There are 2 protein chains.
Amino acid sequence: MPRPSRWNEIIEAAAEAFRTNGFAATSLEDIASAVGMWKGSLYHYINSKEDLLFAVVRGPAEEILNQLRELSDTDLPPTEKIRRATRSHVQILNSNFVYASVYLQEIAGRRKLPEWTAMDREYLNLLESIVREGVDSGEFSAVTNPRVATLALIGSLNWLTHWYRPGGTLHADEIADQFCDLFLGGLITRKTQASRSQTVTPLKTTKPRAKRTA
Amino acid sequence: MPRPSRWNEIIEAAAEAFRTNGFAATSLEDIASAVGMWKGSLYHYINSKEDLLFAVVRGPAEEILNQLRELSDTDLPPTEKIRRATRSHVQILNSNFVYASVYLQEIAGRRKLPEWTAMDREYLNLLESIVREGVDSGEFSAVTNPRVATLALIGSLNWLTHWYRPGGTLHADEIADQFCDLFLGGLITRKTQASRSQTVTPLKTTKPRAKRTA
DNA sequence: AGGATAACCAAACGATCGTTTCATTTCGCA
DNA sequence: TGCGAAATGAAACGATCGTTTGGTTATCCT
């Protein structure tokens, strides 16, 4: 059988090593021996060690941002947007766990290359806009500071890399639902209000290019 | 004037360097030159580079755990316990920002030495017990999975190290209050219910050694 | 088939790092 | 004042790392 692309093997080995030991503590020999070749041979695929980091991280980073972009262009009510954004975030973290973990631990901290900080800022701003929609429409009147509320949500989601493991006892869907209920409804329950989880209706209501109010 | 203890200078320089560049990417020469001495001379204070990491991190880690231990031994209602635990967590992150950041980025990830994971687990279990109290008493009936809800809260709190900076425009107290409102009440407001923030009453109702139900 | 190109081997280099060693200076205290 | 210990200077070590180089093998295309 034609064995799968060597490049993918390298990226996966690099991602796994970066996640477990961190970028700086991972040597090229670790990665090379994991795929069964000499460390010098890696330079047929890369120009530097950092190339591996960016290659590992680019895919999921763009995907998670694009999904939020699409969601922001719909005219769903803010409550539903928050719910879907949460589900989307959790699911991408689930299906690209190793890569996403490397991003959050190595890129979103320390390294502040303008390309990546721009992505982080856009993601934050898009989510904050949704929260502001809810504040303006009166739905989210508990929010005194939309940015802080948004960062609280992002923190809960990104912290998943510290405890969630794909294939564990906790399924990604239940975690997402619990997060939604918690953020929309809070710990304390009110009796009425339609804020509990429902099965997701995959409607795709894309507005024809709505201008985003930053 | 008698200049402050050299040991403190070393720890502070190490903490700052570890937070900005990470433990592995920080060289002993970085730390030595920051305090104005040769890297070899550091070995009059330490036995290895890792000693610096543990020395940086031990203080706040024990403090934040002890505060939650004391709070758990009171008989305050669960809502008030959550509020105080949140405030305490934010305040320690604020006043020991650099040290706590190093802990969360270098210890709570990768390194899994039994001493530290035991602390992490105890903190998580104590907080989860509070949530369970609220579930059992019927106050937190929105919670279907107490552990997930607890980890959501911890995630929001610990993610502060990624965006909060002491002395910035956002004060630690307002952040803590917004977090409390968000987690107790959710984004969507109900009209009644006493879940909004109040000025903190410093009552210290310590029960005489209550047995903790793990 | 055969030549070009990609893939990989194997070794080495130069730099950096944590650590050790020993000499020297500074400081507390009798 | 002088002595012993603590603190720092200064240099070197062995190991490891990212990267380079040049040669060898495998693969693909016409």
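Chain A is the first sequence line, chain B the second, and so forth, proteins listed ahead of strands; every chain is numbered from 1. Since the structure is predicted, the reported quantities are computational estimates derived from the model, not experimental observations.
Every ring-ring contact (aromatic ring centres under 6.0 Å, His included) that A:Y123 has, sequence neighbours left out, goes to A:H89. Judged as a side chain to side chain contact (heavy atoms under 4.5 Å, CB included), and not counting sequence neighbours, the contacts of A:T117 are A:K112. Qualifying side chain to side chain contact (heavy atoms under 4.5 Å, CB included) partners for B:E50, counting only residues two or more places apart in sequence or in other chains: B:F23, B:S48, B:F54, B:R111. Looking at residues two or more places apart in sequence or on another chain, you find a side chain to side chain contact (heavy atoms under 4.5 Å, CB included) between A:A34 and A:A13. Under the side chain to side chain contact (heavy atoms under 4.5 Å, CB included) criterion, B:L151 pairs with A:W163, B:L124, B:R147, not counting sequence neighbours.
Legend: side chain to side chain donor-acceptor pair (under 3.5 Å) pairs involving residues 13-29 of chain A, not counting sequence neighbours, sorted by first then second residue: A:S27-A:D30.
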Please tabulate, for side-chain N and O atoms in residues 96-104 of chain B, each donor-acceptor pair with protein atoms closer than 3.5 Å (sequence neighbours left out).
from, atom 1, to, atom 2, distance (Å)
B:S101, OG, B:F97, O, 2.8
B:Y103, OH, B:D120, OD1, 2.4

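Between the side chain of A:H44 and the base of C:dA6 there is no donor-acceptor pair of N/O atoms closer than 3.5 Å.
The interatomic distance linking B:Y45 (OH) with D:dA6 (C1') rounds to 8 Å, in whole Å. We find that CE of B:M37 is positioned 16 Å from P of C:dT26, with the value rounded to whole Å. With rounding to whole Å, A:W38 atom CH2 is found 15 Å from D:dT25 atom P.
Note on the helix from C:dA1-D:dT30 to C:dA30-D:dT1: terminal axis deviation equals 20°, with five pairs used at each end and the result rounded to 10°.
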If the sugar-phosphate is the primed atoms plus P, OP1 and OP2 and the base is the rest, what is the B/S/- string for nucleotides 13-20 of chain D, using protein heavy atoms under 4.0 Å? ----BBBB

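Side-chain atoms of A:W7 and A:I46, non-hydrogen and from C-beta on, do get closer than 4.5 Å to each other.
Checking the phosphate oxygens (OP1, OP2) of C:dA6, no side-chain nitrogen or oxygen of A:R6 falls inside 4.0 Å.
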